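Report on the following structure.
Keep in mind it's a predicted model, so treat the numbers as computed, not measured. Numbers restart at 1 for each chain; the letters A, B, ... are given by sequence-line order, proteins then strands.
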Amino acid sequence: MPAYRPEEIEKKWQAHWKAHHTFQAHNHSDKPKYYVLDMFPYPSGAGLHVGHPLGYIASDIVTRYKRLRGFNVLHPMGFDSFGLPAEQYAIQTGQHPALTTDKNIETYVQQLSSLGFSYDWDREIRTSDASYYKWTQWIFLKLFNSWYNLDTNRAEPLTDLTARFAASGSEGIRAAGDDGDRLSFSAGQWQLFSEKQKLAAVLPYRLAYQQDTYVNWCPGLGTVLSNDEVKDGLSERGGFPVERRLMPQWNLRITAYADRLLAGLDQLDWPDAVKEMQRNWIGKSIGAEVEFLIKNEELIINNSDEAAADNQAPGTKHQALGIKVYTTRVDTIYGATFLVLAPEHELVDTLTTPDQRAAVDEYIAATKRRSERDRMTDVKAVSGVFTGAYALNPVNNEPVQIWLADYVLAGYGTGAVMAVPSGDQRDYLFAKHFGLPIPAISDAQKDLDQQADPTKEGRYINSGIINGLTYKEATPKLIAFLEEKGLGKGKVNFRQRDAIFGRQRYWGEPIPIYYKDGTAYGIAEADLPLVLPEIDEYKPTETGEPPLGRAQDWLYKDKYPYELSTMPGWAGSSWYYLRYMDPTNEARFVSEEAEQYWGSVDLYMGGAEHATGHLLYARFWYLFLKDLNLVSSGEPFQKLINQGMILGRSNFVYRANLSFTYNPKPGRNIEISLSEIPTLFVTKTLADSFNSEDATKKAEATEVILSWYRNRISSLLSKYPDAVFHATTAEDLSITPLHVDVSMVENDLLDMQAFKKWRPDYHFAEFITEDNDTYVSGWEVEKMSKAKFNVVNPDVLIGKYGADALRLYEMFLGPLEQYKPWNTNGISGVSGFLKKLWRLFHPEDGDLAVTDEPATPAELKVLHRAIQKAQEDIEKFSFNTSVSLFMITVNELTALKCHKRAILEPLVLLVSPYAPHLAEELWQELGHAPGSISTAGYPEFREEYLVEDVVTYPLAINGKVREQMDFAAAATPAEIETAVLASDFLAKHGEGKSAKKVIVVKGRMVNVVV
RNA sequence: GCCAGAGUGGUGUAAUGGUAGCCACGAGGGACUUAAAAUCCCUUGUCUUCGCGGACGUACGGGUUCGAGUCCCGUCUCUGGUACCA
């Protein structure tokens, strides 16, 4: 083969790999294992753009490197194939989402293959296959049939719990979750419960449970969304508004694992940013729960005795009515001058006095009207209403007013706060707004007439039993005091909520639950999978039920209706990495043997956007499976790398907004053809001058444009003397930058002919160009999107330069983790490098001309420096520097005219993880078996080839380098110092001063201090 | 606001505390060619000098050090995340 033709060799090797299953991983091997995982893609209809493969290329390089290093590498790919876009498309077109999904997957597989990734395609999985989601449903049933025992700090089978109920009732059971939802009963009462009562009693213990929950309801999508699917009050997919709504929902009790999810982070080799995001998301806070008793209790209970009666659940002993608040600053309790409840707080109705009833009702109604989005964007506005009721501060029995305000969230803590206006800025603003007192509580607080001061410094004042104490002394004293009175206790709170686990949508895993007499039962494991039924339309039913309500005769055992919600998008992706270990197992979600062999993922490559969603859910499921002894490692993903996003580089043209509108002279009639009314675009230089701060520049630019305009008007007037134009003046001249498709721009020069053909309204475009007749377009870095015309398709680049060039170029762009703009221009550089590499084997693009001559020391030095650095770089995921290293190496070998097998063969191995097709081809030409390069072994680094006899030292005076001098590599610092001082160095550069000190860093440099 | 991370030529970037700008792109000049493409060679941080050279230069202001792009303190800007979380 003469010249380097990527289009031929790449197709050839891709076909070879596919036919020979070259990258198949085996579950039995003497080799050490290594598991490299890419994040599970959702196969979108748009296919891949150049930003998507970045992480895949990096992980493939590591994969191929590890194979060379003798590892048995598992590197799988599959598809998260349930999801909203396919379903939205189905609603619009009536096409079954399975069909569009299959088509999209086909495109993905084709695109991924054309990039030469070394996936073991025999392990491909799809979450929407029944053979896969059978096990997703199976895990759900495990969750449904488990509870979390706080005494053993792990999930346990529900049967253990019911056995304890039967033996000793609910007494003494400590389970994760809210005890407020649970009944207390004796063993005798349990025995007397009906089956329905028993199931109802058990439900609030389950790790998958159904409950009325405040959810993010998205009317635009017709479903609920989880917190991580909502951004700024809008749905992440589609951007529809989201509102709070109370609905019965399936939930997963992820909060049971909050502490373990938090603690586990410390052992993970993950980016700090991601760990920090998970810590914030879990949001552990250590504080206290304090109860404020209601003043004038009787008065209020009389006012609303029904609500008060509700509050006395049967079986609980009578307690004085109180409001529990959660605080992390119990030390500030003497400064608590009022309480604020969330408008949804359960005691609101009970507490409201007749005088305030109208105001409170009005406030609650107003809160409901405000969408979640308004509440979030409008955080500065202070609003609230007084209930008329008072509570007693438990530390001093002072009466405090009880208010409602929507800045208090129903879902966090107890839904009520004690407001300490001197120490909390929101409380401060609230107090100022409503004229409530702001007493100081610490002698260190400053500027209380301006703002709150949350300091923990100083000593307490106006604070009863803690007066004069410090923060450290006061907190335990107060908690002890409150505990003794039975009005408070230390408490840990988490910001994280249980995960809502149902979607009112079609295209997802059916939840394996059926209803008998209104009670939820899990279907038998033997009856899995519960297959997604066919339906006529993918919309909700007329009665507002989810689409599954349309399924005909869809009943368990022909009798019992199924749950109509499906699982959320993250269900299937929470355990997929386990299925890859044993993807076709029909008897188990993964065999014990395969699970124990592969253990956990050694390297997980993916975007940071999954930090708080997928990565948290997957860890949660893993810990749960571990509690059930179904998996064996501590955490699922040992090392995580976030590849940065590749941003688009948009190009702009500058339209001069000139008026060509006209009227005929009175009594005349004219029609000017559109083709004679141009749209004027000015080159960037002119547009920049026009937008410049410099008035002279701006005036000059304006004049250039207006003189062009006047010429044009006058030529139109000579042709149409009857027209009167509304002329553009210097004052109303403006310039609008417009996006232009990046494919029409090369090195920021616009292809003006292509631009004119691009759209009808640019057909008659005219240009004011640079002096050399080029049109320079502007540019800006933005996200890649169709609307910005900056999307670059990898297929086009592969067609032009080859996959190897694209792989190298994406790595060459910069550090993997960094966000960086895409600029196609530079790809010619790596393409040139590949050609040069080829020419080391095929001089002048002729026949293979590799010789068996022995290598020279200079050649060996180049090679071994490359081996050393390539290895270091890949171990620290610094791929950009290895590409530049390869370029240097090839440049030097070209200069040395090196065509020797002893050098080139190891070089091919070094490059092979990056440019696998080229490497395979050359490897075969060198006489090796086709396809054998991937396990050929990594070249061994030999330090001795790098040893130099002579080292050139830079000589500096006071840190400024002045000269260079050669020394024997073995020279000692003392010898070097003597030699430097003996030379004329100081005389030439020392400005007559004498040396105070000489610093010699061996092998590095010499600095003379004067 | 809070939490991360980052600021180096026209651009992407490189630099175990030790000669700042490697490797590329772009630009300028040249060779080859009827021409173009491809390929090859030279120049390319700024200022200064005919040149040798010199001065300045890693967002800004300080500090530590023989020596700072790198470490420390403060400021500014940008990017990402998060936000009434009590």
Side-chain angles (χ1 to χ4, degrees), chain A residues 3 231-232 271-277 279-281 283-285 287 325-329 332 336 340 375-376 378-382 405-409 411-420 423-427 429-430 454 493-497 608-609 611-612 642 644-645 647 649 746-749 779 781 809 812-815 817-830 832-833 835-836 839 844-845 872 878 880-881 883-889 891 952-964 996-1001 1003-1010:
Chain A
K231 293 266 177 304
D232 299 327
D272 287 337
V274 173
K275 291 204 227 181
E276 203 51 36
M277 273 189 248
R279 285 191 191 105
N280 291 337
W281 191 264
K284 181 176 185 170
S285 70
V325 302
Y326 178 72
T327 177
T328 53
R329 290 294 305 274
T332 63
V340 191
R375 264 173 87 162
M376 280 167 57
D378 194 20
V379 293
K380 290 202 179 70
V382 176
D406 62 7
Y407 81 78
V408 176
L409 305 178
Y412 183 75
T414 60
V417 302
M418 64 177 209
V420 182
D424 182 291
Q425 187 62 17
R426 288 156 321 172
D427 297 344
L429 291 173
F430 194 85
N493 239 334
F494 294 94
R495 179 181 165 273
Q496 183 174 40
R497 304 270 64 95
E609 68 272 19
T612 51
N642 290 135
M645 195 186 293
L647 302 166
R649 189 179 188 276
E746 209 179 331
N747 293 327
D748 292 330
L749 300 183
W779 63 273
V781 173
Y809 186 53
F812 186 63
L813 279 176
E817 298 90 338
Q818 207 162 297
Y819 279 60
K820 50 204 164 236
W822 178 265
N823 187 352
T824 302
N825 291 343
I827 198 169
S828 60
V830 291
F833 156 75
K835 288 178 194 165
K836 276 190 218 164
R839 283 192 207 108
E844 323 253 288
D845 285 341
E872 279 170 16
S878 174
N880 55 324
T881 50
V883 178
S884 108
L885 165 77
F886 296 145
M887 290 175 171
I888 295 166
T889 304
N891 287 347
T952 303
Y953 282 77
L955 306 186
I957 300 262
N958 288 345
K960 281 196 185 297
V961 175
R962 296 297 174 187
E963 259 184 38
Q964 307 200 337
K996 274 193 204 150
K997 195 173 170 189
V998 178
I999 288 144
V1000 179
V1001 183
R1004 274 289 167 189
M1005 57 101 64
V1006 179
N1007 190 17
V1008 181
V1009 185
V1010 297

>> Is R426(A) close enough to G1(B) that one of its side-chain N or O atoms is under 4.0 Å from OP1 or OP2 there?
In response: no
>> Syn or anti for G9(B)? Use the chi torsion, O4'-C1'-N9-C4 for purines and O4'-C1'-N1-C2 for pyrimidines, with syn inside 90° of 0.
In response: syn
> Who is the Watson-Crick or G-U wobble partner of U16(B), with both distances under 3.5 Å?
Replying inline: none
>> Does K836(A) reach a base, just sugar-phosphate, or nothing at all? Heavy atoms under 4.0 Å.
In response: sugar-phosphate
>> Looking at G283(A), is its backbone amide N or carbonyl O close enough to the side chain of N280(A) to form a donor-acceptor pair, meaning the two atoms are under 3.5 Å apart?
In response: no
> Quick one: do D748(A) and R649(A) make a salt bridge, cutoff under 4.0 Å?
Replying inline: yes
>> Heavy atoms only, 4.0 Å cut-off, all strands: where does I999(A) land among base, sugar-phosphate and nothing?
In response: base
> Should N280(A) be listed as having a side-chain N or O under 4.0 Å from OP1 or OP2 of A83(B)?
Replying inline: no
> Given atom CZ of F833(A) and atom P of C25(B), what is their separation to the nearest angstrom?
Replying inline: 13 Å
>> Suppose we define a pair by two distances each less than 3.5 Å, Watson-Crick or G-U wobble; what does C84(B) pair with here?
In response: none
> Would one find a side-chain N or O of R497(A) under 4.0 angstrom from OP1 or OP2 of C85(B)?
Replying inline: no
>> Parallel, tilted or perpendicular, judged at 30° and 60°: which one describes the rings of W822(A) and Y809(A)?
In response: perpendicular
Within the sub-3.5 Å range, which N or O atoms of nucleotides 7-12 of chain B have a protein N or O partner, and how far apart are they?
{"unit_1": "G12(B)", "atom_1": "O2'", "unit_2": "L813(A)", "atom_2": "O", "d": "2.5"}

>> What is the distance, to the nearest angstrom, from the NZ atom on K835(A) to the P atom on A37(B)?
In response: 13 Å
>> Categorize V1009(A) for me: base, sugar-phosphate, or nothing, with a 4.0 angstrom heavy-atom threshold over every strand shown.
In response: sugar-phosphate
> Rounding to a whole Å, what distance do you find between Y412(A):OH and U82(B):P?
Replying inline: 18 Å
>> Can you tell me the base-pairing partner of G69(B)? Count Watson-Crick or G-U wobble geometry only, both distances below 3.5 Å, and say none if there is no partner.
In response: none
> How far does the P atom of U39(B) sit from the matching atom of G7(B), given to the nearest Å?
Replying inline: 33 Å
> Backbone N or O of A416(A) within a donor-acceptor pair of the Y326(A) side chain at under 3.5 Å?
Replying inline: no
>> Measure CE/M1005(A) against P/G17(B) and give the value in whole Å, please.
In response: 15 Å
>> Quick check against the 3.5 Å criterion: does N958(A) have a side-chain atom that pairs as donor or acceptor with the backbone of V1010(A)?
In response: yes
> Is there a Watson-Crick or G-U wobble partner for U11(B) with both distances under 3.5 Å, and if so, which one is it?
Replying inline: A24(B)
>> So P815(A), base contact, sugar-phosphate only, or nothing? Heavy-atom distance under 4.0 Å.
In response: sugar-phosphate
> Starting at the 5' end of RNA chain B and moving along, which residue's nearest nucleotide shows up first, V1008(A) or W281(A)?
Replying inline: V1008(A)
> So what's U39(B) paired with, Watson-Crick or G-U wobble, going by both distances under 3.5 Å?
Replying inline: A31(B)
>> Would you measure the distance from the P atom in G10(B) across to the matching atom in C47(B) and give it in whole Å?
In response: 10 Å
> What integer number of Å spans the P atoms of G5(B) and U11(B)?
Replying inline: 26 Å
> If we call it a pair only when both distances are under 3.5 Å in a Watson-Crick or G-U wobble match, what pairs with U58(B)?
Replying inline: none
> What's the OH-P distance between Y407(A) and C84(B), to the nearest Å?
Replying inline: 13 Å
>> Nearest to the side chain of S828(A), heavy atoms from C-beta on, is which of A55(B), A14(B), G26(B)?
In response: G26(B)
> Rounded to the nearest Å, what distance is computed from the CD atom of residue E872(A) to the C1' atom of nucleotide U16(B)?
Replying inline: 10 Å
>> Expressed as a whole number of angstroms, how long is the span from K996(A):NZ to C66(B):C1'?
In response: 10 Å
> Applying a 3.5 Å limit to both distances, which nucleotide forms a Watson-Crick or G-U wobble pair with A4(B)?
Replying inline: U79(B)
